[in-house]
There are 2 protein chains.
Amino acid sequence: MDATPGRGSAGLAVSDGPSAENGQLLGIGAAAARAGVSERALRYYQQLGLLVPTCTTSGGLRRYSPDNIARVERIRELQTLLGLNLDEIATVLRNEDRMAQIRRTYHDERTSDEERRRLTRECLTLQESLRATVEAKRAALEGFLSDLDARIRHTQDLLAGRDN
Amino acid sequence: MDATPGRGSAGLAVSDGPSAENGQLLGIGAAAARAGVSERALRYYQQLGLLVPTCTTSGGLRRYSPDNIARVERIRELQTLLGLNLDEIATVLRNEDRMAQIRRTYHDERTSDEERRRLTRECLTLQESLRATVEAKRAALEGFLSDLDARIRHTQDLLAGRDN
DNA sequence: TCGGACCCTTACGTCAACGTCAGATCTGGC
DNA sequence: GCCAGATCTGACGTTGACGTAAGGGTCCGA
C-alpha cells in the first residue's frame with residue numbers, strides 16, 4: 001500500500017539512500033531543541049509509532065525533516081491543549097495521515113469522480129470526529145468561564161455599592 | 001477565627017461531637033459513589049489537604065457532607081477541564097476558601113466599610129488570576145477549533161465541486 | 001586517520017495519581 | 001453482646017511519559 005517512496009506524510013518512511021541531498025535534515029539533538037522537547041521524547045514517540053524520522057543514516061542515526069518537527073509540535077498541542085494521551089494522539093495522527101493520503105489520491109488523475117466524492121466524504125467523517133471532541137471541550141470551558149465571570153461580576157457589584 | 005461551628009467552607013473541619021444530628025452525611029463508600037471517584041481518591045485528596053470531611057466519628061470514620069461532594073466534583077472539573085495537577089488545584093481551592101472566608105467577614109456587621117472594600121478588591125484579584133489561565137486556555141482551544149473548521153470547510157468545498 | 005561531538009540501544013529510575021491488598025477496627029442492627 | 005459489613009491505616013504495585021546513566025557506535029573536519 002502506497003508504494004511510492006519518499007512522501008509518507010512525515011510519519012511513515014523507513015530508510016533512505018545515503019546520497020540523498022539533505023534538504024534541511026536535523027540530527028536528533030537539533031530537532032529536539034527546535035521542537036522544544038527532549039531527545040528521549042523523540043525516541044519514545046518513534047517507539048510508539050507516532051513519529052518516524054524521514055530518514056536514517058546507514059549507521060542508524062535519525063534525521064528529522066521540518067515536517068517531522070511540525071508533527072512533534074502537533075503532538076505537544078494535542079497533549080497540552082486537548083489533554084489527550086499518546087494513545088489517543090496516535091489515533092488522531094493516523095486519521096490525519098489517512099487524510100493526507102486521501103488528498104494525494106484525490107489529485108491523481110486516474111481517480112474517478114465517484115471515488116473522489118467517496119474519499120471526500122470519508123475525510124469529512126474523520127474531521128468531524130475530532131471536531132466533536134474539541135467542541136465539547138470548548139463548550140465545557142466556556143461554561144466554566146462564564147460561571148467564573150458571573151462570580152466576578154457579583155464581586156464587582158459589591159465594590160460598586162450594590163449590597164449582596 | 002470563625003468560632004461558629006459547622007461552616008468551614010467544606011474543607012477545614014476536624015471532628016465533631018458524636019450527637020450531631022447527621023444532616024445527610026455519607027460514609028466514604030457512598031460519598032465516593034456519589035462523586036464518581038474511588039474511596040482511595042478521597043483519602044488521597046485528604047492526605048494532600050484538598051478535602052477534609054466535615055466530620056469524623058469518634059472511631060475515626062470519615063463523614064462527608066454534600067458540600068464535600070461538591071468540592072470533589074470541583075476537583076475533578078479542575079483536573080479534566082483545565083488539566084491542572086493536584087498541587088495547582090490546591091492553590092485554586094485555597095483561593096476559593098479564602099474568598100468564602102472573606103464573604104463571611106464581609107457580612108459581619110463589625111467589619112468597617114473600608115475593610116469591606118479592601119476584602120472585595122482582594123477577592124477580585126484572586127478571581128482574575130484564575131480567570132486569566134482559563135481564558136488563555138479557551139483562546140488556545142478556540143484557535144485550534146477554527147483551524148479545524150477551516151480545514152473542514154475546505155473539504156466541504158471539494159465535495160461541492162469547487163476544485164482545490 | 002583520528003579525535004571530539006553526536007548518537008545508538010538497553011535498562012533502570014522517577015513522579016503523579018491513584019489501585020490494591022492485608023490485617024486491624026468501627027458501626028449499626030438484632 | 002455479637003457479627004456482618006463498612007472503614008481504617010500502612011505499604012507496596014501500576015501506568016504513562018518520559019529522565020538518566022552506561023557502554024558502546026557514527027560522523028566529519030583538521
Side-chain angles (χ1 to χ4, degrees), chain A residues 14-20 22 25-64 68 72 74-93, chain B residues 14-22 25-64 68 72 74-91 93:
Chain A
V14 175
S15 81
D16 201 79
S19 62
N22 194 321
L25 293 183
L26 299 176
I28 194 172
R34 179 134 334 171
V37 302
S38 67
E39 305 180 10
R40 176 67 166 104
L42 292 184
R43 296 198 191 96
Y44 186 55
Y45 295 159
Q46 179 173 0
Q47 192 177 329
L48 298 189
L50 289 181
L51 169 76
V52 181
T54 43
C55 93
T56 55
T57 70
S58 53
L61 300 198
R62 299 168 175 84
R63 288 292 128 97
Y64 294 88
N68 290 153
V72 174
R74 179 75 172 170
I75 292 175
R76 302 299 288 180
E77 199 180 13
L78 292 169
Q79 269 188 316
T80 65
L81 250 77
L82 300 192
L84 303 183
N85 62 37
L86 295 184
D87 223 58
E88 297 164 326
I89 292 178
T91 302
V92 172
L93 292 183
Chain B
V14 175
S15 80
D16 201 76
S19 62
E21 36 68 86
N22 194 319
L25 293 183
L26 298 176
I28 196 174
R34 179 137 330 174
V37 302
S38 68
E39 306 180 12
R40 178 66 166 101
L42 292 184
R43 296 198 192 96
Y44 186 56
Y45 295 160
Q46 179 173 359
Q47 193 178 327
L48 298 190
L50 289 181
L51 169 77
V52 181
T54 41
C55 93
T56 55
T57 71
S58 53
L61 298 199
R62 300 166 174 85
R63 287 294 127 98
Y64 295 88
N68 290 154
V72 175
R74 180 74 172 171
I75 292 175
R76 302 299 288 181
E77 199 179 14
L78 292 168
Q79 270 189 315
T80 65
L81 249 77
L82 301 192
L84 302 183
N85 62 39
L86 295 185
D87 223 58
E88 299 164 324
I89 292 179
T91 302
L93 292 184

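Chain letters run A, B, ... following the sequence lines, proteins first and then strands; every chain starts at 1.
Contacts between residues 32-41 of chain A and DNA chain D, counted as heavy-atom distances below 4.0 Å, involve A/S38, A/R40, A/A41.
Between the CG atom of A/L42 and the C1' atom of C/dC7 there is a distance of 13 Å, given to the nearest Å. One can place CG of A/L50 at 13 Å from P of D/dG16, the figure rounded to the nearest angstrom. B/L48 places its CG atom 9 Å from the P atom of C/dC18, with the value rounded to the nearest Å. Rounded to whole Å, the distance from CZ on A/R43 to C1' on D/dT20 is 11 Å. Atom OH of B/Y64 and atom C1' of D/dC8 are 11 Å apart (whole Å). Rounded to whole Å, the distance from CG on B/L84 to C1' on C/dA16 is 14 Å. Rounded to whole Å, atom P of D/dA17 lies 15 Å from atom CG of A/L51. Summarising the geometry, the separation between CD1 on A/I89 and C1' on D/dA17 is reported as 11 Å, rounded to the nearest angstrom.
Here the side chains of B/T56 and B/R63 are not in contact, with every heavy-atom distance at 4.5 Å or above. Residues A/L50 and A/I75 are in side-chain contact: their nearest non-hydrogen atoms beyond the backbone lie under 4.5 Å apart. With contacts defined as side-chain heavy-atom distances shorter than 4.5 Å, the pair A/Y64/A/T54 does not qualify.
Counting only N and O atoms by type, the side chains of B/R43 and B/Q46 include no donor and acceptor under 3.5 Å apart.
Between A/Y45 and D/dA17 there is no side-chain N or O to OP1 or OP2 distance below 4.0 Å. Contact check, B/Q46 against C/dC18: no side-chain N or O comes under 4.0 Å of OP1 or OP2.
Within the 4.0 angstrom heavy-atom criterion, only backbone atoms of the sugar-phosphate kind lie near A/R62; the bases stay farther away.
Listed nucleotides: C/dT9, D/dC18, C/dC18. Nearest to the side chain of A/L86: D/dC18. With distances taken from any side-chain atom of A/Y44 to the nucleotides C/dC8, D/dC18, C/dA17, the minimum falls on D/dC18.
Taken from CD in A/Q79 to CG in A/L84, the straight-line distance is 9.0 Å, to the nearest 0.5 Å. Remark: A/D87 CG to A/L48 CG distance equals 8.0 Å, nearest 0.5 Å. With rounding to the nearest 0.5 angstrom, the CG atom of A/N85 is 8.5 Å from the OG1 atom of A/T91.
Of the possible donor and acceptor atoms, none in the side chain of A/N68 sits under 3.5 Å from a partner among the backbone N and O of A/L51. A donor-acceptor pair is defined here as one N or O able to donate and one able to accept, closer than 3.5 Å; such a pair exists between the side chain of A/T57 and the backbone of A/L61.
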Distances for protein N or O near nucleotides 27-30 of chain D N or O, under 3.5 Å:
residue	atom	partner	partner atom	Å
D/dC27	OP1	A/T57	OG1	3.1
D/dC27	OP1	A/G59	N	3.4

